[in-house]
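These numbers come from a predicted model, not from an experiment.
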Amino acid sequence: MKKLLAYECKRILLPLCIFTAVAAVIYVAAAFSADLIDQWALDFNGATGAPVPGDRAGDTVLYVPAIILAALCTAVPVMQFSYRMKKRSVDLWYALPVTRRALTSVRFAGSLALVLVPYAVSYWAGFAVIACRDNLFHLQYYVALFFASLPAAALLLGTNAFLFTRANRVGDGIFFLLAWAFLLAMPAQYFNYFSFRGMPSALENLTNYSTYSPLGWLFGGFSLAARTGEVIIEDPAVVFTLWGVLGAGAVFGLFFTAKGHPAENAGQISDTWFGYRTIIPVYLFCTMSWAFASSASVSAAAEVAALVLVAAAGLAAYFAYRRSFRLRLCDVLSLVLSLGAGTLVSAITLAYL
Amino acid sequence: MIELRGVQKSFGKTEVLKDVSFSIPTGSVFGMVGVNGAGKSTLLRLLAGVLRPDGGEILFDGAPVFENPAVKRGIFFLADDPYYAAGTTGKQLAALYRTFYPDFDEAGFARRCERFSPGGGAPIHNFSKGMKRQLFLSLALACRPKYLLLDEAFDGLDPAARLECRRAIIDIGESGTTTVIASHSLRELTDICTDFALIGEGRVRRGGNLEENLSAVHKFQAAFPREIEQGELPFPCVRFEREGRVVRFVARGDADAILQSLHALGPLFAEEVPVDFEEFFLVETEGSQR
């Protein structure tokens, strides 16, 4: 295991250096060029109508490390786990004297290094620039944010690694990862669109239901804190509990399923419940549940157009899933049922609201 | 010793291996042959622990291979199209294998590489197919495995490299390594294999010691004063070819007895000619197709 770890360190050294250099250059350049005081401070105070007590400055530039971290947590699992998706690389790695779980552990450790090292170096380099420039931020929140963002990054990385490794092809894995990023936001969009009375706001807040939400809220909240001295995060219980539990479950799932990974599936159709099988019907159902109602307020023709557009998107998704224009009966049934159920829910909601 | 007991493997609804059982003696050079799609590569991937059998078991010296690093430490699997990342050099691949195989023969690897890639620093994607094959064979031999699994070992090699490869397999066999080769190059296998298994229709159709099996069939060549039909021969033939008055046929049984009954037909001449593995393979596979 030690030798394997040492080999992994050597293997990732070049991408690690490249990622670190690129991330540091981006954040340092942004920190140097950002307008730390003027425009954003005016906008911020103007929006509330009065200066916020304790408000010190404007652009904290914290969206830059947030984007860097989100991008790394998306790209690194693809890079580190794509060996499972090509027959040739599977033949190489699975024939070596190492268990699949040990290989997954080492690759995950490598992923953590590939995400956290470039992030940490760029974060502190950017922070140093911001701290040295003429600004009035509460700098202690930059320090706190760094440590608070580490578990969030690890869980997002685990979630993305789990979702990516459910696929049998790299393209499918990237699709799963991105589709699941917004899958839970789809039901929230329904609640959000119809604005049911008495509905807890956390339920219809779309920004709570992306896999990237914890990072977004964390950086948003601490960015505000750096300016005002107060951390404000809406629905922290929902965001951090939901995604904390899901993230931990995903990391557990990644290791739990590693041993049984069927090597013969590499490069085949990604036929998993974490993939197209679930994603397509959920997206179709949820989209129809509000899109049909929203087009009903325009005209009957718009309703038909909405149905046709969503059905066409669904068909295209199933063609991509099967990599063929020949669909199975279960695909057609799934398409029809999810569209029909979505339309029905939409019609019932309209009738009762 | 490698033992396969009732091994089954399906890909979806396609049953590739139905019930494969045979054993590979320690120190043997074992040839795995069969028509395209017979399941030779699948068997090798199962032996390497890449695939998990759906049924049955695969044992190396009594221990299962799947997810067993202790057993796999003694195995080297060279796939028909081995993987290397873009820009990888032979030295980098050697570093990978050195991590997993503590007895890696650095000097031997460098010596073998010098023959086709002096310096060993060139990216593998610039190599010809034969050079890649030689590089991976060099890696395989440098790992000094107890069990060497080769899929299409001679594919893409020029005659000199084939000879070198054959020599290397014989050399490594003399040091106690068991080599399993899946190949269509039956002429190469004839020279080096001690045992074999003919895979077909998801089962082992024939197997065992190669020499014994080859000596069980006999090929004859005879010329007659007139053209004769297969039915006129007083014994059953597994293969029959005729060119004018000259016939070539393969038959099972006692060679002297066959020759004697052949003489009863009054041939101008009749002689036994050697049967090679390719001929044997054709006899066995054509037999099943009939």
| field | Contacting moiety of B:Leu47, where chain A heavy atoms sit under 4.5 Å | value | neither
| message | So for B:Tyr84, is it side chain, backbone, both, or neither that comes closer than 4.5 Å to the heavy atoms of chain A? | response | both
| field | Derivation and outcome, side-chain contact (heavy atoms from CB on, under 4.5 Å), residues A:Asp91 and B:Phe77 | value | CA-CA 8 Å; A:Asp91 278 352; B:Phe77 171 49; 4.1 Å; yes
| Taking the side chain as C-beta and beyond, is there a heavy-atom pair between A:Trp93 and B:Leu96 under 4.5 Å? | yes
| query | Does any heavy atom of chain A fall under 4.5 Å from the side chain of B:Phe11, the backbone, both, or neither of them? | reply | side chain
| said: For B:Val50 versus A:Ala263, what's the shortest heavy-atom pair and its separation? | reply: O-CB, 3.3 Å
| field | Heavy-atom proximity to chain B below 4.5 Å, by part of A:Arg101 | value | backbone
| query | Is the side chain of B:Lys72 donor-acceptor paired with the backbone N or O of A:Thr99 at a distance under 3.5 Å, no angle test? | reply | no
| A:Phe274 atom CZ, over 12 foreign heavy atoms within 6.0 Å | no
| said: If you define the side chain from C-beta out and look only at heavy atoms, does anything of A:Arg100 sit under 4.5 Å from B:Phe66? | reply: yes
| query | Atom NZ of A:Lys87 and atom OG of B:Ser41: how far apart are they, to the nearest 0.5 Å? | reply | 6.5 Å
| How far apart are the closest heavy atoms of A:Pro97 and B:Tyr101, and which atoms are they? | CD-OH, 3.9 Å
| field | Residue A:Phe319 excluded, over 12 heavy atoms near CZ under 6.0 Å | value | yes
| request: Check the surroundings of atom CZ in A:Arg323: do more than 12 heavy atoms from other residues, nucleotides or ligands lie under 6.0 Å from it? | output: yes
| chain B contact via A:Leu92 - which portion, at a heavy-atom distance below 4.5 Å | side chain
| message | Let me confirm one number: the OG1-CD distance from B:Thr99 to A:Glu8, rounded to the nearest 0.5 Å. | response | 10.5 Å
| remark: Residue from B:Leu51, B:Ile75, B:Leu149, B:Leu78 scoring the most non-hydrogen pairs under 4.5 Å with chain A is B:Leu51
| task | Determine the option with the most heavy-atom pairs under 4.5 angstrom with chain A, choosing from B:Lys9, B:Arg52, B:Arg98, B:Arg45. | result | B:Arg45
